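What follows is one structure encoded as structure tokens, with my remarks underneath.
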Amino acid sequence: MSAVAKINLDLTAPEVVKKISQRSLVIGGVFAVIAVVLAFIHPDEFYRAYLLGFMCWLGVALGSMAILMIRHLTGGGWGTVIRRILGAAMRTLPLLFALFIPMFFGIHRLYIWAQPLGNIEDKHLREHLVQITQTYLTVNGFIIRAIFYFAVWNVLSFLLSKWSMQTDSPNAPDNSGRFKAVSGPGLILYGFTISFAAIDWIMSLDPSWISTIFGLIILIGEVLSAMCFAVVVERILFDYKPMSEMLKPDFVHDHGKWMLAFIMVWAYFNFSQWLIIWAGNLPAEITFYMRRLNGGWGYIGMILVLFHFVIPFAMLLSRPFKRNIRKLVWVAVLLLFMGYLDLLWIIEPTFSKTLAITVADVVVPIAIGGIWLWYFFRNLASLPLLPAYDTDAHEVLQPAHDAHA
Amino acid sequence: MDEQSKMTANAQETPVMEPGYTFGTVTEKISAIVLTRPASNGWFVGFGIAFLMTMMMLYAIGYLFLKGVGIWGVTIPIGWGFAIINFVWWIGIGHAGTLISAILLLLRQSWRNSINRFAEAMTLFAVACAGIFPGIHVGRPWLAYWLFPYPSTMGVWPQFRSPLMWDVFAVSTYATISALFWFIGLVPDMATLRDRATHPAARIIYGMLSLGWRGSARHWHRYETAYLLLAGLATPLVLSVHTVVSFDFAVGIVPGWHTTIFPPYFVAGAIYSGFAMVLMLAIPIRKIYNLEDFITELHLQNAAKVMLATGLIVAYGYGIEAFMGWYSGDRYDAFTLWNRLHGPYAIPYWSLLVCNIFIPQVLWIRKLRSNPVALFFVSLVILVGMWLERFIIVVVSLSRDFLTSSWGMYYPTRWDWMTYVGTIGMFLAAIFLFVRLLPMISIFEMRTLLPEAEVKE
């Protein structure tokens, strides 16, 4: 490609990345110490918060992998410019697997189905659980399935990263065919595994409640968080070379459009679930919303409607707003926080009828986040910010005014 | 323009349009089909058959008006029969048009330029076919206007909490926007036909339809703004119509209907069948009218990929529904699954799985995606499968719900079949007329794909 001759830009990540990585580790470490203390004082609260924090950061990693695969299938400069950010997030999956291990010790505390059935007071629930706890909802099944999901995700991540790294050197092979061959089936595998992970890890908190769209609700939340996270990171890098040269308003515009599309889908899925359950008004289903709309949890629900959908939607309609990274980043930050609140609103009301946000709910996600961010920025620093010899690199490296050539 | 040149650069082996055309030859080739090419015997035979089928439909509807819905197979407990199945099937088919014309336009996918016109036409005809059924199935069709919330002196208002009511709004909005979108897109081409027509009647008719278009810079500016705005308006409609249709079922508590995956699953199914219909029309048309240079292998490939993706979402819907039926431990949900697999309608259900899930997986093979004959048959299979899907949803759930004492069977009568087959005839007759009377490929949008159209700085 003619683009190769044009590279006169140093593509290595700026120094600031290492600094952020170190600071994240410090914050993560401090909060982790507090979290460990909490784990001994209030183990129940700790594990709930741990599930919450884990799902938040897993979402960014898996969502990044999904967006990366969408990019490999469709192409486009918007994806090329952030692919190393997405890739660095994806390559945190081994760490996330390690971070999942404490969950195995919390199964009995988190999931009612893992407790001896004799302890359950609710007669109907006990009867309901007799069968399913012998087939699907078993501790061994939970562990084996979790290992399977992580195996699938890590294999995908490994292949995609390996081929991406090859294109950092001159005379790199053209890997676009390989990327395509893995990304199509990869997206299917992602949809399949995350749906079942969502059932295992979150939906089974209340084993009598089912919703067939639930996996997709978790999926779209992950993809949205990942896009917002990429926007935040590209904003940080935008102050330094090479991102300041590579990130063009057109790309930022596309990222804004993706965010808009994802919040619309998020709202669509959630509204559909709510409307169908509300209209059916069946005892087994409506309890989900009875808990989440009463006892103070309804305020969080309202905040989600307003700040996860209505307000960002209105802001993202504006074209100049979407093209300006300095503005767009604030909506991205808001939506990342809303992603956390959304998961909190799904997970916590299972355990408390009234609004109760514990110290652990704040501390543990920050602890996991600090460690995760340390690993993420380390990954980001380890590779150039763009695979310079990839066939698509020219879309980003060309100066804006000769994009027509 | 850079998107388009990129498009052609990326797809070296399969271009959006074969090279060697100019503004003049593109215009000539497309407009000649309407203006100079004589109607062939094949056209008359095809149109004749479609016309007879339409007459059969009118006969069946006429007899229905005379006798009432008792001539159909609907009965208690299966109060929803062919009418709803066919309505949902046709509305679903109609989805491809708006998806291609609006969403692909906003995504700057220039390959849409050669198939959007007839996909939109197909949408309109499909919506027209769909619209027949709610009108005739109400029992007293002369009171069908009660569905609209007009300020009646009787003080009778529709039930606004019912999704059937929302359907009226969703479908009529959809039909209106699709028609507007289609017509606005036609205006510049109408002017081309007006200018090229030699017959005075043709000049007058096309002249009126072109609304005084002269192609000035101001006209084009307004046109582009209007078209983009309409595309923005049409985009949510692609989702909303079939979402509301899915609510018709999902808000009820009948097992097999009441499931939260229905909205996205219905929308995916709609696009799935819509693209199948686009391919079933495009493949013979490009052959008969020698349009292989405009509707290239790239279009077939892309349509096949869309079908593959939406088909997988549909498969996800089946899978997650079956899993939850088992996981929930709800005996009615579990029974619905068992009843589908082993009950009296097991044959349609297994056929549906074969048609919608197993056979379309051949689209993973690149060679088959670019083979028109194979694609034609896969599309046919998908259309059959999607019809069966609606049959299963409507009939199987109603035939055996909570009380064994109120179980029943549904047997469609010849009037059901005559009406259904008749709408296919009406749809085809409209398509036959369309290809002869209007430019089936957008002339001016095709011209923008030419190298001549590229802006030079």
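When reading the values below, keep in mind they use all heavy atoms of this one structure, side chains included, and skip hydrogens, waters and symmetry mates. Just so we're on the same page: letters track the sequence lines, and every chain starts at 1. Model, not experiment: these values are computed from the prediction.
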Reported CD1-to-OG distance for the pair A:I132 and B:S328, which is rounded to 0.5 angstrom: 8.0 Å

Under 4.5 Å from any heavy atom of chain B - which part of A:L137: side chain

Residue pair B:F262, A:S272: steps toward the side chain to side chain contact (heavy atoms under 4.5 Å, CB included) verdict: CA-CA 9 Å; B:F262 258 25; A:S272 301; over 6 Å; no

Working for side chain to side chain contact (heavy atoms under 4.5 Å, CB included), residues A:Y268 and B:T243: CA-CA 10 Å; A:Y268 170 63; B:T243 298; 2.6 Å; yes

Residue part contacting chain B, namely of A:S204, when any heavy atom lies under 4.5 Å: both

Separation of A:N281 CG from B:H258 NE2 (nearest 0.5 Å): 9.0 Å

Nearest-0.5 Å distance, CZ of residue B:F323 to OH of residue A:Y136: 4.0 Å

Separation of A:L275 CG from B:F247 CZ (nearest 0.5 Å): 4.5 Å

Top contributor to chain A contacts, counting heavy-atom pairs under 4.5 Å, from B:G329, B:P236, B:P264: B:P264

Which portion of A:Q131 sits near chain B, non-hydrogen atoms under 4.5 angstrom: neither

Rounded distance [0.5 Å steps], CD1 in A:I210 versus CG in B:D330: 7.0 Å

Atom group of A:W274 that falls short of 4.5 Å from chain B, counting heavy atoms: neither

Member of A:I277, A:I217, A:L216 meeting the side chain to side chain contact (heavy atoms under 4.5 Å, CB included) criterion with B:T260: A:I277

Side chain / backbone / both / neither for B:L312 at chain A, heavy atoms under 4.5 Å: side chain

Winner by heavy-atom pair count (cut-off under 4.5 Å) against chain B, out of A:M264, A:H128, A:K257: A:H128

Atom pair OG1 (A:T135) and OH (B:Y327), whose distance is rounded to the nearest 0.5 Å: 10.0 Å

B:V267, part contacting chain A, at a heavy-atom distance under 4.5 Å: side chain

Shortest non-hydrogen contact between B:T259 and A:I276, atoms and distance: O-CD1, 3.9 Å

